[in-house]
Amino acid sequence: MIFRRISHRIAGQFTAFVFLLLLVNGITFLAVDLQNDRFQRRNRLTRSAEVVFQGLRERPRGAARLMLPPQLRERVRIVDANGTSLYTGSLFEDIPFDAEEGIDVETIHDEPYGVLTTPFQIRDLEGFVQVAERESHGAQGLPFRIFLLLIVSIAVSVLTFFIGLFFARSSLKPAEEMMERLEQFTQDASHELRTPLASLNSSLDLALKTGNHREGIESAKEDVQEISVLVERLLELARLDTFILKKETIDASALLAETAEKFRDDAGKKHVTLHVTAEPAVKIDADPTLFKQLISNLLSNAIKFSKKEGGAITATLTKDSLTIKDTGIGIPKSALPHIFDRFYRADSARTQREGFGLGLSLVQEIAEQHGWKVEVESMENYGSIFVIRF
Ligand code: ADP
């Protein structure tokens with residue numbers, strides 16, 4: 001839920017940014033375009049005025065008519081210094097003369113026109129020339145262009161929102177999964193801690209009630225020990241969740257031999273023989289600490305779940321796999337799909353042997369982090385085979 005909200009917020013902020021960017025960009029372009037339109041209008045009007053001056057200059061003295069190109073005739077007015085019209089194109093017929101110089105926008109026959117008023121002095125004649133030109137489309141269509149800009153910006157922003165949402169969601173997915181795992185882990189951990197804590201509580205209660213403190217404290221100490229082992233394992237698991245692999249090329253044969261050596265005593269106590277066969281100097285890419293932990297968990301299970309009368313454990317290493325085979329109590333078919341779940345323990349194990357059901361889930365996680373596969377085959381009363389495929 002919280003990740004959904006964060007995704008929406010990221011997408012929203014991103015969209016607002018893009019929308020603003022589009023607006024600023026669009027307005028800048030519109031302004032530049034408008035400026036350019038004005039500049040060109042001024043150029044055209046000035047050029048037209050030049051043509052009129054040319055006509056005035058070339059007019060023979062005393063001639064009544066002025067020679068103007070046909071496309072200009074309607075759009076020109078010439079007045080003398082007193083404001084008396086010397087020539088009035090049809091466009092200017094109903095428009096009173098205003099001697100203010102420069103370009104002005106006027107509505108003539110319901111259409112917007114740019115009108116340039118400019119003074120002249122040619123020979124003995126002095127006055128003003130006015131030239132008109134229809135406003136260009138750009139300036140006229142400004143409201144429409146702003147409307148278009150808004151519509152396009154909104155459409156692109158909506159698209160950006162959904163694309164942003166998609167990217168935010170996929171980027172946050174690993175964090176969301178991690179959070180879910182963490183929640184699950186916290187729940188599992190507190191659930192598992194409840195039993196030994198309740199047991200510790202009742203041991204102390206009993207000691208208080210009966211006055212037999214020594215027995216109570218001894219029992220409480222056992223509970224505390226169990227709790228600390230559980231906490232230690234939980235920490236290992238939690239660390240693994242956020243573990244950054246320190247992979248290196250390791251001599252797996254040497255590591256297996258070294259780790260197995262530590263289990264010889266335990267195996268001996270349970271009358272179990274331990275054989276290690278490894279191809280010489282098998283090199284794999286792995287985190288040595290985690291690889292050792294994986295071997296230890298599998299070997300300690302093989303010893304822990306051996307039969308009362310002993311048995312044999314073989315650890316075999318090739319360049320492609322590690323196999324740990326035991327002749328112990330085996331795993332019931334119904335339990336097989338669950339043995340890698342956190343805190344899962346098959347019933348027989350729960351009643352007879354200590355453990356928290358975390359060893360195999362650690363093995364599974366370590367394998368996953370290295371990109372290895374874990375396979376298991378087992379038959380009740382005959383034994384189990386765990387294979388790690390590199
Ligand atoms: P734990 O050993 O703490 O019970 P694990 O996660 O290591 O937890 O194992 C989960 C369960 O799988 C064990 O409780 C046991 O029932 C079963 N199991 C694991 N390894 C073996 C094995 N070598 N032989 C028989 N059963 C096993």
Side-chain angles (χ1 to χ4, degrees), residues 2 178-243 259 262-272 289-290 292-294 296-311 326 328-332 334-335 337-366 380 384:
I2 184 158
M178 186 124 156
M179 183 95 157
E180 270 166 21
R181 283 217 300 268
L182 209 67
E183 259 170 34
Q184 183 64 42
F185 178 76
T186 316
Q187 276 174 20
D188 289 349
S190 43
H191 180 262
E192 289 304 305
L193 276 169
R194 216 175 288 156
T195 319
L197 280 174
S199 163
L200 172 65
N201 199 24
S202 50
S203 302
L204 294 173
D205 274 349
L206 199 72
L208 283 176
K209 215 186 270 171
T210 58
N212 191 351
H213 292 173
R214 186 175 181 84
E215 201 179 310
I217 289 170
E218 271 169 4
S219 162
K221 202 163 176 328
E222 276 171 25
D223 293 328
V224 169
Q225 244 154 16
E226 191 179 343
I227 292 170
S228 41
V229 174
L230 177 57
V231 168
E232 192 53 45
R233 292 235 110 179
L234 285 171
L235 278 177
E236 278 169 16
L237 209 58
R239 229 176 281 140
L240 201 62
D241 267 347
T242 51
F243 211 91
T259 314
K262 294 190 182 142
F263 285 90
R264 281 219 187 275
D265 269 3
D266 286 352
K269 276 184 207 154
K270 297 196 84 177
H271 310 291
V272 176
T289 316
L290 294 184
K292 257 193 238 171
Q293 193 166 12
L294 177 144
S296 302
N297 287 359
L298 289 177
L299 284 181
S300 81
N301 274 354
I303 295 169
K304 188 159 67 178
F305 298 112
S306 63
K307 287 185 192 147
K308 282 206 180 75
E309 60 272 23
D326 67 61
I329 60 167
I331 304 166
S334 58
H338 307 292
I339 53 170
F340 293 103
D341 296 349
R342 285 184 183 182
F343 301 109
Y344 179 83
R345 306 182 64 211
D347 270 346
S348 56
R350 200 174 266 280
T351 46
Q352 297 167 16
R353 294 158 171 90
E354 56 194 33
F356 300 103
L358 289 174
L360 284 184
S361 66
L362 268 162
V363 167
Q364 174 89 319
E365 292 231 10
I366 294 171
E380 238 183 318
S384 314

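Computed from a prediction, not measured in an experiment: that's the story for all the values here.
S306 places no side-chain N or O within 3.5 Å of a backbone atom of A302 that could act as its donor or acceptor partner.
The line from CG of N297 to CD of Q364 is 12.5 Å long, rounded to the nearest 0.5 Å. With values rounded to the nearest 0.5 angstrom, K307 atom NZ is found 9.5 Å from D326 atom CG. Separating the CG atom in L200 from the CG atom in L193 is a distance of 11.5 Å, to the nearest 0.5 Å. Distance CG/L204 to CD1/I217: 8.0 Å, rounded to 0.5 Å. Of the inter-residue distances, the one linking E380 atom CD with I331 atom CD1 reads 9.5 Å to the nearest 0.5 angstrom. Taken to the nearest 0.5 Å, the CD1 atom of I366 stands 4.5 Å off from the CD atom of Q293.
Using a 4.5 Å cut-off on side-chain heavy atoms (C-beta onward), F263 and I303 make contact. For the pair F343/S361, no side-chain contact is recorded, criterion being any heavy-atom separation below 4.5 Å from C-beta on. Counting heavy atoms from C-beta on, the side chains of V231 and I227 come closer than 4.5 Å.
Here the closest non-hydrogen pair linking T259 and S296 is CG2-OG, 3.4 Å. Closest approach of R342 to E365, counting heavy atoms only: NH2-OE2, 2.6 Å. In terms of heavy-atom proximity, T186 sits nearest to S190 at O-OG, 2.7 Å. The two residues D223 and S199 have their closest heavy-atom pair at OD1-OG, 2.9 Å. For the residue pair A220 and S203, the shortest heavy atom distance occurs at N-CB, 4.0 Å. Contact record, G330 with S384: CA-OG, 3.7 Å, taken as the closest heavy-atom pair.
Evaluation of the salt bridge (Lys or Arg N to Asp or Glu O under 4.0 Å) test over residues 202-217, restricted to residues two or more places apart or in two chains, returns R214-E218.
Remark: H338 engages Y344 in a ring pair (Phe, Tyr, Trp, His ring centres under 6.0 Å) (not counting sequence neighbours).
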